[in-house]
Amino acid sequence: MKKINGLVASDGLAIGLAYVLPEETQLLIFAYMLDDKDIPIHEKRLDEAIRSAEKDLLISINKARAENQAETLSILNTHLSMLQDISFINEVKQDLRENKMNIEFTLKKKVDELVAILNEQDDVTMQARAVDISDTFDSVLYELVNKTENKKNRFAHIPKGVILFAKDIKPSDALTIRELHIAGLVTEKGSATSHLAILARAWGIPMLVGIDTSINFLGLTNRQVILDCDTGSIILDPSTEQIQEFQGIINKKKSTEQSIIQTLLSSSTIARTKDGVFLRLLSNIALPDEVTDNTLRFSSGIGLFRTEFLVLDGGKIPNEDEQFSVYSSLVKKLDKKPVIMRTFDIGADKMLDEQEHLHEKNPMLGWRGIRYCLNKRSLFKMQLKAMLRVAYFADVRILIPMISTLEELETVKQIIQEAKQELSNEKKEFSATVPLGIMVEVPSAAIMAKQFARLVDFMSIGTNDLIQYLMAADRENSKVKNLATYFNPAVLSIIESVIQSEKYIKGILTNEPKISMCGEMAGDEVACVLLLGMGLHSFSMQERKIPFMHQFFSKLKLSDAKKILHKVKELSNANQIYAVTKRELQRLGIM
């Protein structure tokens with residue numbers, strides 16, 4: 001038996017065989033000169049690679065057609081038409097004959113030239129075509145450099161129920177991970193607030209990050225593993241007694257969860273404190289199919305719909321009608337409950353190709369969120385139009401991420417007016433009065449919360465980014481995790497000031513809290529005591545946590561929360577604040 005420690009990114013326990021995910025291979029393309037006699041050989045290699053890529057696409061197309069996956073089928077057919085674009089292929093061959101460079105280099109050069117031209121256009125359709133072209137011809141390039149099988153097999157043939165070990169996994173691969181039905185996830189890189197970790201929590205996948213780099217992952221496959229994401233450890237080659245012990249704990253947890261759900265169903269699914277203060281518990285989701293029966297039973301609606309995952313799944317930005325279809329499918333499930341749709345929060349660790357090509361020194365501080373959308377105005381307006389159309393028949397609110405200046409907010413309002421005018425000209429039905437809110441996740445917005453409050457209908461505190469910016473501690477860096485805590489007195493102080501700015505929000509929403517929190521802090525029982533004491537009455541979290549938070553708040557009085565907050569304000573250390581708050585909850589018999 002061997003024990004490995006890591007950082008808990010998503011709690012829970014899992015037992016299974018380890019499976020090591022192969023590292024992603026880099027597509028290395030070398031340039032070399034050709035003799036005249038080599039030209040026909042390289043033309044033939046190109047034709048064969050295209051035919052092979054077409055064959056793979058046709059298999060995927062037939063599968064999508066059989067499963068009635070209309071959106072997937074549309075994307076695949078677009079890729080197929082690009083592979084069959086004779087004029088572009090002839091351009092590549094002409095370049096090959098003129099410059100006499102190997103076909104891999106020539107194709108990559110021509111694709112990059114075309115993508116650059118399309119990305120320079122302020123036209124969403126052209127930019128989307130650029131992404132399609134890159135994706136389409138990547139498959140051809142992999143064929144040419146004989147790495148197709150390596151690329152395909154990275155996520156292929158992974159058995160269900162394994163504990164997956166990986167050096168790192170990109171957010172764009174997160175949806176693939178979900179489809180694997182793994183029991184747990186362990187990564188060498190990453191942090192508890194990475195976007196993959198956020199999704200793992202939402203999907204109930206136990207996850208450990210920050211594993212010691214000296215651990216040899218390659219020797220782990222097929223070894224029995226206990227993943228304990230309650231204490232932050234991995235047990236390799238556990239004894240039969242240890243497996244039985246942890247299986248008993250897993251079974252007890254499932255039984256407790258079912259008991260809580262049944263208790264709520266037989267009493268009240270409306271959240272309130274022990275002394276009768278009503279609360280709003282909302283769900284964070286990335287995809288419409290995350291809405292479950294429990295979402296409808298126990299939540300007040302969707303507090304955060306991360307629309308950017310529509311883009312990261314394949315790298316293609318859906319057009320207005322495609323987005324309208326996705327948003328419509330979501331609101332129809334909610335039975336008139338509100339849904340807060342955040343506009344594309346693209347960038348940092350959720351990049352599109354054009355953002356990655358910038359090689360920014362500090363992508364977390366760079367071209368992301370609303371900064372990207374304001375620069376890609378037609379893309380932004382397209383998304384707003386889809387949201388405004390859905391708001392015609394549903395309770396939709398629009399949330400803007402990464403706002404840092406009042407000028408940005410004014411520009412957003414101007415673009416929304418332009419979107420409404422275009423919809424009117426196009427004679428499309430839309431709502432003219434959609435509540436507009438901002439994410440408070442940049443320190444400048446938190447400091448200016450009172451001024452922003454007067455210009456919006458609601459605000460949502462995003463603690464994941466706010467904390468890392470306040471503490472100058474990269475949330476992806478496990479070395480500084482001790483700094484990135486929401487129990488830090490500076491963090492608590494600025495959060496309280498934002499909550500207190502609620503009285504300045506007049507807006508079009510009435511009879512409901514106008515400030516919510518959608519960061520990970522909102523689902524932490526110990527932290528929520530302090531937030532409740534500060535006056536926060538709306539909490540948005542992973543759907544699976546909502547029944548537990550229902551039960552937790554039902555045992556807590558608002559008056560006790562205020563007393564605990566007053567007590568910890570005298571402390572100047574994050575660890576002390578956490579310890580004292582938890583001790584007070586235990587004294588009250590709540591934890």
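None of these values were measured; they are calculated from a predicted model. What's counted below: heavy atoms across the whole structure, side chains too, no hydrogens, waters or symmetry copies.
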### Task
Specify the closest pair of heavy atoms between Tyr327 and Gln383, including all atoms of both residues, with the distance to one decimal.
OH-NE2, 3.1 Å
### Neighbour count above 12 (heavy atom, 6.0 Å) for Lys428 NZ
yes
### Message
Donor-acceptor pair, distance only, cut-off 3.5 Å: does the side chain of Arg97 make one with the backbone of Ile39?
### Response
no
### Message
Given 3.5 Å as the limit, does a donor-acceptor pair link the side chain of Asn102 with the main chain of Tyr32, or not?
### Response
yes
### Task
Supply the atom-to-atom distance Met82 CE to Ile133 CD1, rounded to the nearest 0.5 angstrom.
4.5 Å
For residues 386-395, dump all side-chain donor-acceptor pairs below 3.5 Å to protein atoms at least two apart in sequence or in another chain.
{"residue": "Arg389", "atom": "NH1", "partner": "Glu320", "partner atom": "OE2", "Å": "2.8"}
{"residue": "Arg389", "atom": "NH1", "partner": "Asp321", "partner atom": "OD1", "Å": "3.0"}
{"residue": "Asp395", "atom": "OD1", "partner": "Arg397", "partner atom": "NE", "Å": "2.8"}
{"residue": "Asp395", "atom": "OD2", "partner": "Arg397", "partner atom": "NH2", "Å": "3.3"}

### Query
Would you say Lys385's side chain and Leu423's backbone share a donor-acceptor pair under 3.5 angstrom?
no
### Query
Any ion pair linking Glu113 and Lys110 (charged N to carboxylate O, less than 4.0 Å)?
yes
### Query
Short question: side chain of Thr411, backbone of Glu407 - any donor-acceptor pair under 3.5 Å?
yes
### Query
Which distance, rounded to the nearest 0.5 Å, do you find between the OG1 of Thr307 and the CD1 of Ile285?
10.5 Å
### Task
Please answer whether the main-chain N or O of Ala53 pairs with a side-chain N or O of Ser139 as donor and acceptor at a distance below 3.5 Å.
no
### Task
May I ask you to say whether Arg45 pairs ionically with Asp38, meaning some side-chain N is under 4.0 Å from a carboxylate O?
no
### Message
A side-chain contact here means heavy atoms from C-beta on lying under 4.5 Å apart; do Thr405 and Glu410 qualify?
### Response
no
### Message
Quick test of your reading of the model: are Glu308 and Arg342 salt-bridged, counting only N-O distances below 4.0 Å?
### Response
yes
#### Entry: Asp47 bridged to Arg51 by N-O distance under 4.0 Å
no
### Message
Quick one about Asn425 and Glu422 (side-chain donor to acceptor, distance below 3.5 Å, no hydrogens or angles considered), yes or no?
### Response
no
### Query
Does Ser10 reach the main-chain N or O of Ile205 with its side chain, forming a donor-acceptor pair under 3.5 Å?
yes
